[in-house]
Amino acid sequence: MRSTLVRRSVMTASAVSLALLATACGSDKADTKADAKPSEAAATSAAPAAKGKTDAEATALVVTQADLPDQIVSAEGAAKAATESAGATVDKAECKPLMQAQSGQKVGTATGIGRTTTKAKPKEAAADASPEDKLKAGLEALGATQTLVSVGSYDAKGAEEAFAALKTAAAACSGGYTVTEGGEKVKYLDVKPGAAVTAGDEAAAFTLTMDLDGGEKSANHFVIVRKGNALATFYAFGVTAEQPKTVIDAQVKKLG
């Protein structure tokens with residue numbers, strides 16, 4: 001400031017002194033305020049990090065029959081599936097997060113997890129339907145989309161990290177992988193981006209092609225949605241499986 005005043009030569013020495021004095025006083029005040037800011041900032045930024053829920057608490061966040069009247073909802077089936085697949089292994093280490101999510105296991109540092117399964121209610125054939133129509137209705141019921149829904153809860157940024165880990169795994173395993181469970185192998189031929197999903201704070205969708213016996217293939221759907229410190233995963237399978245939009249919408253709504 002002084003050099004500018006000197007260059008311009010428009011202020012007297014006393015004026016310069018007064019200006020410097022004012023500047024010094026202002027500087028002291030600014031320093032005083034600056035000194036106060038850290039403590040004020042500490043007081044206002046002391047909000048605790050998100051705290052993860054237990055298994056029981058996470059289970060309370062999972063959709064139920066009341067949330068999905070057009071689906072058959074079974075928490076027992078999901079618990080059984082998770083127990084049976086606890087010892088499953090995968091041939092590629094980078095695909096482990098996918099395998100865990102597909103079978104309702106905890107992904108990353110989840111503090112708790114809740115699960116359920118859903119299946120679209122079958123459309124019954126009319127009482128006077130022909131045997132062929134009744135058979136068709138029965139086959140459609142068997143092939144209806146079934147979805148394993150899991151909701152994991154995390155401390156701090158754990159849900160964001162798990163979401164990122166699943167996206168990384170999907171990219172790394174785009175060429176396929178094989179899961180071994182109970183002595184049986186299930187081969188996935190590829191992992192591709194699925195129909196876009198807009199939900200929660202961030203979401204991603206994938207399509208997994210499963211290699212069935214006899215050379216047949218099945219397209220399964222895998223969707224992940226993060227809402228705050230909760231991570232919901234949806235693994236939909238079946239002969240004619242579709243992305244379970246109704247289930248996803250109901251679950252995200254329940255997460256708040």
Side-chain heavy atoms of Asp70 within contact of Thr246, under 4.5 Å
no
Any disulfide bond (SG atoms under 2.5 Å apart) pairs touching residues 188-256, not counting sequence neighbours?
none
Not counting sequence neighbours, list each pair that qualifies as a salt bridge (Lys or Arg N to Asp or Glu O under 4.0 Å) and has a residue in residues 157-170.
Lys157-Glu160
Which disulfide bond (SG atoms under 2.5 Å apart) pairs, counting each pair once, include a residue from residues 188-256, with sequence neighbours left out?
none
Pairwise side-chain contact, Val225 with Leu255, heavy-atom cut-off 4.5 Å (strictly under):
no
I want to check something: taking the side chain as every heavy atom from C-beta on, are Thr117 and Gln146 in contact at a cut-off of under 4.5 Å?
no
Minimum heavy-atom distance Leu68-Val63, with the two atoms named:
CD1-CG2, 3.9 Å
According to the salt bridge (Lys or Arg N to Asp or Glu O under 4.0 Å) rule, which pairs have a member within residues 102-116, sequence neighbours left out?
Asp55-Lys106
Between Thr59 and Ile113, the two heavy atoms sitting closest are OG1-O, 3.8 Å
For Gly112 versus Ala58, what's the shortest heavy-atom pair and its separation?
C-CB, 3.9 Å
Show the nearest heavy-atom pair for residues Thr233 and Ala101, with the distance to one decimal.
OG1-O, 4.0 Å
Donor-acceptor under 3.5 Å (His221 side chain, Ala241 main chain):
yes
Look up atom CG in Leu148 and atom NZ in Lys119, then write down how far apart they are to the nearest 0.5 Å.
14.5 Å
If Ile, Leu, Val, Met, Phe, Trp and Tyr residues are connected whenever their side-chain heavy atoms lie under 4.5 Å apart, and connections chain through other members, are Leu231 and Val62 in the same group?
no
Among residues at least two apart in sequence or on other chains, which ones pass side chain to side chain donor-acceptor pair (under 3.5 Å) with Thr83?
none
Gln105 versus Ala82, closest heavy-atom pair with distance
NE2-O, 2.7 Å
With clusters defined by side-chain heavy atoms of hydrophobic residues (ILVMFWY) lying less than 4.5 Å apart, directly or transitively, does Tyr235 cluster with Leu98?
yes
From Glu242 atom CD to Thr147 atom OG1, the distance as rounded to the nearest 0.5 Å:
10.0 Å
Does any non-hydrogen side-chain atom of Val197 lie less than 4.5 Å from one of Gln243?
yes
Of all heavy-atom pairs linking Ala120 and Ala144, the shortest is O-CB, 4.3 Å
Answer yes or no: is there a donor N or O on one side and an acceptor on the other, between the side chain of Ser85 and the main chain of Ala88, under 3.5 Å?
no
Measure the CD1-CD1 distance between Ile224 and Ile248 for me, rounded to the nearest 0.5 Å.
11.0 Å
Quick note, disulfide bond (SG atoms under 2.5 Å apart) partners involving residues 213-256, not counting sequence neighbours, are none
The single option from Phe222, Tyr177, Phe237 that satisfies ring-ring contact (aromatic ring centres under 6.0 Å, His included) with Tyr188 is Tyr177
Rounded to the nearest 0.5 Å, what's the gap from CG on Asn229 to NZ on Lys51? Could you check?
11.0 Å
Qualifying disulfide bond (SG atoms under 2.5 Å apart) pairs with a residue from residues 83-124, counting only residues at least two apart or across chains
Cys95-Cys173
Can you run down the salt bridge (Lys or Arg N to Asp or Glu O under 4.0 Å) pairs that involve residues 219-239, sequence neighbours left out, and say none if there aren't any?
Asp201-Arg226, Glu202-Arg226
Among the clusters formed by ILVMFWY side chains lying less than 4.5 Å apart, do Val186 and Met99 turn up in the same one?
yes
Under the rule for side chain to side chain donor-acceptor pair (under 3.5 Å), what residues qualify as partners of Tyr154, not counting sequence neighbours?
none
Validation: residues 206-219 side-chain donor-acceptor distances under 3.5 Å, sequence neighbours left out:
from	atom 1	to	atom 2	distance (Å)
Thr209	OG1	Asp190	OD1	2.8
Ser218	OG	Asn220	OD1	3.3
Ser218	OG	Gly238	O	3.4

How long is the gap from NZ on Lys121 to CD1 on Ile72, to the nearest 0.5 Å?
7.0 Å
Value for OG1 (Thr118) from CZ (Phe234), rounded to nearest 0.5 Å, stands at 9.0 Å
Hey, mind stepping through Lys187 and Thr178 against side chain to side chain donor-acceptor pair (under 3.5 Å) and telling me if it holds?
CA-CA 4 Å; Lys187 186 176 182 179; Thr178 300; 5.8 Å; no
Sorted by chain and number, sequence neighbours left out, ring-ring contact (aromatic ring centres under 6.0 Å, His included) with Phe163 holds for none
side-chain hydrogen bond (donor to acceptor under 3.5 Å, both in side chains) pairs, two or more places apart, involving residues 247-256
Asp67-Lys254, Lys245-Asp249
